[in-house]
Amino acid sequence: MFSNFKVLRNKNLSLLITSESTSLFGTLFLNIALSLYVLKMTGSSGDFASVLALGVLPHIILGSVAGILADKFDKKSWIIIMDILRGAFCLFLFFYCLSGTLSMPIIYFTVLFISMCDILFAPVFVSVLPTIVPKEDLVDANSISRTLNETMKILAPLLGTLVYTWFGLGPIFLVNALTFVVSAVSIYLLKFPPKQSVEAISKKITIISDISIGFRVIFGDARLTSIVSNAFLTHTFLYPFLFVGVPYIIINVLLGSNTDYGVVESLATIGSLMAIFIVPLTKKFGIANNIGLGLLGMLIPVLLLMFLGNPWFIEILKGNSLYTVSYFSLINFILFLSFSFYVVYFASYYQSQVPKEVYGRFIASVIIFNGIGKVIGYKVVGLLFETNNLIYPVIFLLTGMTLKLLVHIPFMIISKRLEGNKAIQIRDAEA
């Protein structure tokens, strides 16, 4: 069960995961505090969703450029630069909070700046893993990475909520700045594999080709198209409900506290952490089957959310922290257990199939698709919650999860056909 921990003997992988997990902790630590701050200032699900949607726009606008940078420039230097920029900005905000209060325009700028750095950072960072880990170890590497990240997701929401509630936003920015410093140092110590020079790559690919290569990779393989479509649906239906709906329901509808929301976020992430114990036991079922199992598991908590359409059930939960926290923790536990299990195989598949020399542009194209989905999802979910009938956003979520299952069918069919052909070839060779 713990055999996948052996991949941590790879020093480069350990440093990469350290950088990723500490950076993620700081980002989530900041995100939950900003979410609570904005929700308190606006009091509207629509306005709250609009702020979150604003943070997605740089992903759509700069996505292609980020992919080119990931494939054509020195990854190590670029990651360190992005960490330093984000750390310096958060340090500035810490000192600003000592003498003033963040207004909504400053919040808007903060969301845009952090998002811009994230999109310029993400394709470069994600493209590193397949270059330092052998193909046969990708599932184990992704499983370990997910485990440590989910641990950060347990700690960050709870600690972020407590620090924000007790001390305000200032210390939040200071902690976030320090995590980017740790991330930068880890990447500095990491030894990157040798690569072609920037000049050599630039001669081979034009800017127009750079932008289109990622999309050609996606639509050139039916299984990759299925995978990317599934990710698009996740960002359109699932993430908006989790990031807008759950805090809005707990705090504004059920009259819960900031701490209730922080506890729910932290306890729910234990489900993701548990996925590491399941992944080693299911490798034999194959990537296609395991992705399908994860998708089926994600439907269960969505069905439990249907109870929110009953006014009597809402009255039971309202004002009762124990019932509210227990209900949403159970739902998120099952949801994130299934989702984390699904993502390990999801990521391992495209990491093993996409050529390393165009991996950054592929990831950037996926980020653009996901960004478009998030903008749509945030706006729709925000409007649905303003109807004051919780069954509508829940039906919206259920529709998205059903579509995720449907778009996985082509992946299953093609995988089964290829496995059958491989079995025939082996049998013929033995004969």
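- Within a 6.0 Å radius of CZ in Phe94, more than 12 heavy atoms belonging to other residues, nucleotides or ligands are found.
- Here Arg86 contributes atom CZ and Met116 contributes atom CE; the two are 11.0 Å apart, rounded to the nearest 0.5 Å.
- The OG1 atom of Thr22 sits 10.5 Å away from the CG atom of Asn176 when rounded to the nearest 0.5 Å.
- Closest approach of Gly297 and Ile334 over heavy atoms only: O-CG2, 4.0 Å.
- Two residues are said to be in side-chain contact when any heavy atoms from C-beta on lie closer than 4.5 Å; Met298 and Leu405 fail this criterion.
- Residues satisfying the side chain to side chain contact (heavy atoms under 4.5 Å, CB included) criterion with Leu112, sequence neighbours excluded, are Leu54, Pro58.
- Residues meeting the ring pair (Phe, Tyr, Trp, His ring centres under 6.0 Å) test with Phe89, sequence neighbours left out: Phe109, Phe113.
- Listed by chain and residue number, Leu85 satisfy the side chain to side chain contact (heavy atoms under 4.5 Å, CB included) test with Ile81 (two or more places apart in sequence, or in another chain).
- Residue pairs that meet the side-chain hydrogen bond (donor to acceptor under 3.5 Å, both in side chains) test with at least one member in residues 309-324, sequence neighbours left out, are Asp260-Ser321.
- Looking at Ile368 and Ile372, their side chains come closer than 4.5 Å, going by heavy atoms from C-beta outward.
- Here CG of Leu303 is found 9.5 Å from CG of Leu397. Values are rounded to the nearest 0.5 Å.
- With sequence neighbours excluded, the residues forming a ring pair (Phe, Tyr, Trp, His ring centres under 6.0 Å) with Tyr349 are Phe411, listed by chain and number.
- Sorted by first and then second residue, the salt bridge (Lys or Arg N to Asp or Glu O under 4.0 Å) pairs involving residues 293-309 (not counting sequence neighbours) form an empty list.
- Under the rule for a side chain to side chain contact (heavy atoms under 4.5 Å, CB included), the partners of Val380 that lie at least two apart in sequence or sit in another chain are Ile376, Leu384, Phe396.
- Contacts of Tyr327 classified as ring pair (Phe, Tyr, Trp, His ring centres under 6.0 Å), with partners at least two apart in sequence or in another chain: Phe313.
- With hydrogens and angles disregarded, no donor-acceptor distance shorter than 3.5 Å links the side chain of Ser226 to the backbone of Ala222.
- Using a 4.5 Å heavy-atom cutoff, the side chains of Ile249 and Phe385 are in contact.
- Annotation: side chain to side chain contact (heavy atoms under 4.5 Å, CB included) contacts of Val217 (sequence neighbours excluded): Ile213, Leu224, Val354, Val358, Phe362.
- Applying the ring pair (Phe, Tyr, Trp, His ring centres under 6.0 Å) rule to Tyr261 yields no partners; only residues at least two apart in sequence or on another chain are considered.
- Note that the CG atom of Leu335 and the CG atom of Leu299 stand 10.0 Å from one another [nearest 0.5 Å].
- Contact annotation: the side chain of Val302 never approaches that of Leu238 to less than 4.5 Å [non-hydrogen atoms, C-beta and beyond].
- Side-chain atoms of Leu91 and Leu174, non-hydrogen and from C-beta on, do get closer than 4.5 Å to each other.
- At a threshold of 4.5 Å between non-hydrogen side-chain atoms, the residues Val111 and Ile107 count as touching.
- Here the side chains of Leu169 and Leu93 are not in contact, with every heavy-atom distance at 4.5 Å or above.
- Pairs engaging residues 163-187 under the ring pair (Phe, Tyr, Trp, His ring centres under 6.0 Å) rule: none recorded [sequence neighbours left out].
- Residues in residues 230-242 take part in these side-chain hydrogen bond (donor to acceptor under 3.5 Å, both in side chains) pairs, two or more places apart or across chains: Asn230-Tyr342, Asn230-Lys404, Thr234-Lys404.
- Taking the six-membered ring where the residue is Trp, Phe219 and Phe369 present perpendicular rings, their angle passing 60° and hence far from 30°.
- At a threshold of 4.5 Å between non-hydrogen side-chain atoms, the residues Ile278 and Leu337 count as touching.
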